[in-house]
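Predicted model only: the values in this text are computed from it and were never measured. Residue numbers start from 1 in every chain, and the chains themselves are labelled A, B, ... in the order their sequence lines are given, proteins ahead of strands.
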Amino acid sequence: MSRKFLALSICVLLVCGLILSQASLAKKTTITYWELYGPKAPTSYGKIIEEFNRTHPEIYVNDQFLPSHTEILQKFLATAIAKVGYPELILSDICFVPLYADTGIPIDMMPFIEGPNGVDLNDWFAVLRDFGHIKGKQYSLAQTTNNIALFYNKELFKEAGLNPEEAPKNWDELTLYAQKLNKPEQGQWGVVEYEWVHKPYFESLSWRFQTLVWQSKGRVWNPDYSKVVFNSKEGVEGLQWWLDLVYKYKVLPLNPPEHVFESEKAAILIDGTWAAGSYIEILGDKLGTGMLPGNKVFATNIGGEHLMICDSSPEKEEASWIFAKWMTSKKPILQMCIDSGRLPPRKSTVAEFVEENPLWEPFMELMKYGEHRAPIPQYGKASEIIHGYVERVLYRKMDPQEALDEAVTDINEMLAKAAARSE
Amino acid sequence: MNQIDENPLKEREVALVNERMLCWIKNNGLKLLIWATLSIGAFFELLPFFWVVSTSFKIRSQILRFPPQWIPDPIVLKNFVEAFNTIPIAHFLCNSVVVATSITFAQVLTGVLAAYAFARINFYGRDILFILFLSTMMIPGHALIIPHFLLIQKFGMIDTYGGLILPKVTHAFGIFLLRQFFMTIPHDLEDAAKLDGCSRLRILFNIILPMSVPAIMALIILTFMQGWNDLLWPLIVTQTDRVRTITVGLGHFVESQGHRIEYGPMMAASLVAILPTLIVYLFAQKHFVRGIMLTGLK
Amino acid sequence: MFKISNRARENIWGYLFILPSGVALSIFYLFSIGFSFYVSLYDWMIKRGSFIGIGNYMIALTSPDFWNAVKNTVLFTFLTVGMQLILGLITALLLNRSLRGKTLFRAVFFLPCIIPSVILGIIWRWMYSPQYGLVNFFLQLLRLNPLGWLRDPTWALPALIFMSVWQWIGYHMIIYLAGLQGIPEQLYEAAKIDGATGWSCFRHITWPLLRPATMFLVIVSIINTFQIFDQVYVMTGGGPMGNTSVLVYYLWKEAFHFFKLGYASAVAWLVFLMIFAFTLFQLKFAKVAWW
């Protein structure tokens with residue numbers, strides 16, 4: 001008898017608890033947010049969201065962690081089929097924004113931006129603003145940005161007799177520096193590329209390769225993004241430089257050991273700026289930063305993470321806008337960026353950002369020379385094709401010119417098919 | 001005088017001992033060799049597990065060291081803390097338990113019912129239906145993921161427990177296994193019960209089942225393992241952490257670190273993830289092995 | 001009350017009992033595989049597109065990526081299963097004698113079979129680390145050069161093969177053990193009286209009597225190994241240079257990364273047909289086969 005009573009009371013308590021928790025949620029507008037960081041991100045992203053939830057009691061942001069940009073994209077596309085099950089807010093890599101917009105689910109944020117509770121879109125870097133601006137509608141709002149830059153180990157520079165305050169500025173200097181810093185007997189590499197072959201994500205290699213083309217004053221796409229044109233001599237020049245570094249001078253490893261820069265086994269590192277936070281943590285004062293070495297000009301690839309609001313009820317869209325505006329306001333942006341090396345997307349925050357840490361200055365300088373990728377839905381597929389061919393060149397299975405020619409043919413074919421299908 | 005006498009005695013003793021040793025080696029040498037070979041094999045089978053444990057308790061600089069350091073010094077718990085902070089391992093394990101248990105329960109229940117019917121009830125079209133049931137075993141799992149995905153999406157069950165469990169609610173293998181086993185059970189008890197007027201269900205649950213414990217145990221173990229270890233279907237059906245199982249959770253953990261993987265937390269998470277399985281195995285490995293043997297002897 | 005004949009009652013009970021599993025199997029197996037074929041006939045991207053008949057199949061059969069996956073999968077399957085069989089048999093033969101610690105050995109060898117392949121893949125990924133991993137450590141102990149393993153186009157697939165063999169030896173060993181235990185001792189005794197050596201005992205008694213076990217293992221292992229996914233997902237992602245792109249990984253990517261559901265369904269059916277053909281071949285020619 002008493003056991004039954006105990007079981008019954010437990011059940012009643014459970015039910016009550018469930019009802020209570022649901023009730024407290026019911027008063028709030030709940031918006032689900034798919035993002036990349038999770039509770040224990042280096043930027044304390046989860047804590048920033050927690051603070052929003054605390055200071056905005058009528059909104060509850062249900063923060064869901066997904067492991068990568070491609071994962072968010074796939075899961076989203078899966079829901080796009082049934083037009084149900086997608087979240088209210090998504091964080092996306094800049095290069096996928098056109099693809100998201102193409103599904104018709106992200107909404108145009110212009111009414112919110114120009115509305116009473118709006119933001120000044122001109123405060124954002126032009127390239128970030130324009131990338132999300134498709135056919136007159138603003139689909140995305142940049143939360144952070146990043147680019148590819150150069151890191152180096154001041155201590156190893158000193159040991160090799162180089163000036164620890166000066167980073168190499170162009171390809172020739174980089175080759176020279178790398179040769180001086182390369183000490184195979186000690187297992188020390190001159191230069192290491194992280195956005196490279198060994199990374200399973202295709203975009204890494206592709207977006208780094210594109211900078212090589214731009215740095216030689218070449219173009220990757222034609223002006224209206226209907227064709228690719230990187231099989232020019234500039235493209236080949238870039239690949240050849242890489243091949244020389246790997247096979248001729250042997251200063252650049254094809255498969256770098258794990259954590260090679262942090263364990264001070266590499267003197268120079270080419271990596272995305274978002275990694276800076278972890279390097280500072282480990283290397284401290286030994287870390288130096290510089291602009292990505294150019295060839296004829298400086299150039300880097302602009303990346304970033306963009307917020308998009310999906311089509312749902314008016315009150316949820318309103319709540320999502322309040323959250324989006326909050327996440328892109330000064331304090332959260334600086335919180336996300338200052339320690340991590342992610343770059344602030346708003347010009348008004350740059351001064352404070354650089355002041356906090358002068359190491360970030362070359363990154364912000366690079367924004368002037370930043371180029372962006374093609375703002376079309378097929379960019380992802382094109383990038384994957386580029387990755388496949390450049391990989392083969394680096395493994396010396398194909399000749400640079402031949403590989404680039406075939407890549408261009410494949411991509412143009414794919415673009416033509418996509419254009420035909422959409423008609 | 002004594003010396004000359006003692007020497008041959010000592011020689012003979014030594015020779016005797018040598019002979020005994022040789023005899024022993026001849027008789028048992030083969031056994032020793034086999035034992036040594038098996039031990040080496042076992043060592044390599046267990047090596048990765050030692051390595052996980054070793055890495056989980058090391059600090060970073062000792063993880064990234066070559067030649068590898070076997071015993072961590074100092075032993076730290078930091079990796080586990082970080083793993084638990086980054087992904088909700090306990091939540092994933094709970095989800096795996098829910099999913100695996102539900103699938104097992106469903107498969108065993110439906111399997112027992114169907115197997116009993118095929119073994120003992122003479123209904124119209126029984127043999128043809130049985131062959132039809134068996135034919136579904138010929139369909140490999142990979143061929144079904146796309147239609148299952150489209151179906152589950154139609155039912156609106158993406159990212160729910162239902163979506164994870166429903167396609168796996170029954171499997172012809174269990175039916176086959178149980179039917180074979182049921183057919184070996186003698187009829188007398190059943191016939192007696194039928195004369196007493198027992199219903200089919202009661203016969204099944206009160207007579208047949210208690211006599212089929214080994215087969216049922218084998219089925220439970222195999223099905224539970226399959227439900228727990230499955231990656232492909234949960235990977236497709238789950239979107240968020242809500243019902244994600246531990247296999248997907250760990251796979252995502254690796255993916256989220258890109259290629260800059262921190263091996264300490266990675267190994268710590270792996271260790272925690274395999275701990276439940278290891279513990280169960282420790283206590284029940286006899287049943288696991290028996291289950292596999294049973295299925296092989298079809 | 002209705003007067004139901006015994007015969008009818010039997011039928012009703014029968015159908016009732018098989019109803020739950022019957023319904024589930026019909027929907028999730030029979031209907032599903034048919035639905036899969038239906039999908040494969042359409043240009044089914046995010047939504048059902050136009051009917052293209054065997055279009056997807058033609059694309060697959062002329063796609064270098066598809067054949068690359070076939071090549072990798074076939075290579076992987078036959079090498080892995082071959083080694084698993086041999087090593088499993090050897091281990092079973094060794095373990096079959098009454099040794100001390102037999103149960104312990106059995107438990108140890110079988111352990112990797114019950115751990116999810118994903119987790120083992122993560123562990124082995126760490127072990128294959130070119131710089132800090134155990135595998136290269138042992139190579140260097142044997143005075144061999146360290147290899148790039150998972151990031152080396154030549155060695156990535158062998159790395160996966162090696163790991164799969166390590167994982168499943170125990171399973172093969174246990175099946176063979178069960179088979180060995182079914183061989184009566186008298187046969188060996190009789191053979192010894194006739195003066196047979198160990199090797200001819202094996203060749204004329206053990207091996208033929210193990211044929212059912214071998215058949216079982218060949219069929220089951222090949223079907224399972226052909227569909228490998230977990231390890232590729234977590235260890236190599238199909239690379240480098242697509243050298244570890246296996247069929248199920250390839251079709252998963254086509255279906256759930258690029259949402260070419262129609263094309264992926266066609267690939268799935270082609271794989272299904274390959275497995276089916278192979279199994280039929282095995283069953284039909286078992287007697288005439290080399291074993």
Contact origin within [X] toward chain C - heavy atom pairs under 4.5 Å:
{"X": "B:Met267", "answer": "side chain"}
{"X": "B:Ile139", "answer": "both"}
{"X": "B:Ile236", "answer": "side chain"}

Checking heavy atoms, do the side chain of [X], its backbone, both or neither come under 4.5 Å from chain B?
{"X": "C:Phe256", "answer": "side chain"}
{"X": "C:Phe226", "answer": "neither"}
{"X": "C:Ile27", "answer": "both"}
{"X": "C:Tyr38", "answer": "neither"}
{"X": "C:Phe229", "answer": "side chain"}
{"X": "C:Trp166", "answer": "both"}
{"X": "C:Glu10", "answer": "both"}
{"X": "C:Phe105", "answer": "side chain"}
{"X": "C:Ser26", "answer": "neither"}
{"X": "C:Ile223", "answer": "neither"}
{"X": "C:Leu120", "answer": "side chain"}
{"X": "C:Val271", "answer": "both"}
{"X": "C:Gln131", "answer": "backbone"}
{"X": "C:Val248", "answer": "side chain"}

Worksheet entry | Donor-acceptor side-chain pairing of C:Ser21 and B:Thr110 below 3.5 angstrom | no
Practice prompt. Return the option, out of B:Val289, B:Leu250, B:Thr277, with the maximum number of heavy-atom pairs under 4.5 Å with chain C.
Written response: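 Max contact count across the listed options: B:Val289.
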Worksheet item: Step by step, would you call C:His257 with C:Trp252 a ring pair (Phe, Tyr, Trp, His ring centres under 6.0 Å)?
Response: CA-CA 8 Å; C:His257 269 233; C:Trp252 168 78; 5.1 Å; yes
Item to complete: Mark yes or no for whether C:Asn56, through its side chain, and C:Ser40, through its backbone, hold a donor-acceptor pair below 3.5 Å.
Response: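 Here the side-chain-to-backbone pair exists.
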Discussion item. C:Tyr176 and side chain to side chain donor-acceptor pair (under 3.5 Å): which single residue from C:Asn96, C:Thr214, C:Thr91 fits?
Written reply: C:Thr214
Worksheet item: Is C:Lys253 positioned over the aromatic face of C:Tyr250, cation under 6.0 angstrom from the ring centre and no more than 45 degrees off axis?
Response: no
Discussion item. Both conditions, 6.0 Å and 45 degrees, for the charged tip of B:Arg120 above the ring of B:Phe182: are they met here?
Written reply: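 No, cation not above the ring by the 6.0 Å, 45° rule.
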Item to complete: Go through the steps for C:Leu134 and C:Trp126 under the test side-chain contact (heavy atoms from CB on, under 4.5 Å), then give the verdict.
Response: CA-CA 8 Å; C:Leu134 271 191; C:Trp126 170 217; over 6 Å; no
Worksheet item: Hey, what do you get for CH2 (B:Trp70) to OG1 (B:Thr55), rounding to the nearest 0.5 Å?
Response: 9.5 Å
Item to complete: State the OG1-CG distance between B:Thr247 and C:Asp230, to the nearest 0.5 angstrom.
Response: 7.5 Å
Worksheet entry | Residues B:Phe288, C:Phe110; criterion ring pair (Phe, Tyr, Trp, His ring centres under 6.0 Å); working and verdict | CA-CA 9 Å; B:Phe288 278 86; C:Phe110 191 61; 7.0 Å; no
Item to complete: Under the ring pair (Phe, Tyr, Trp, His ring centres under 6.0 Å) rule, what do B:Phe118 and B:Phe176 come out as? Steps first, then yes or no, please.
Response: CA-CA 9 Å; B:Phe118 283 123; B:Phe176 175 70; over 10 Å; no
Worksheet entry | Residue, of C:Ser265, C:Ser129, C:Ala255, C:Gly170, that accumulates the most heavy atom pairs under 4.5 Å with chain B |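 If we count pairs closer than 4.5 Å to chain B, C:Ser265 comes out on top.
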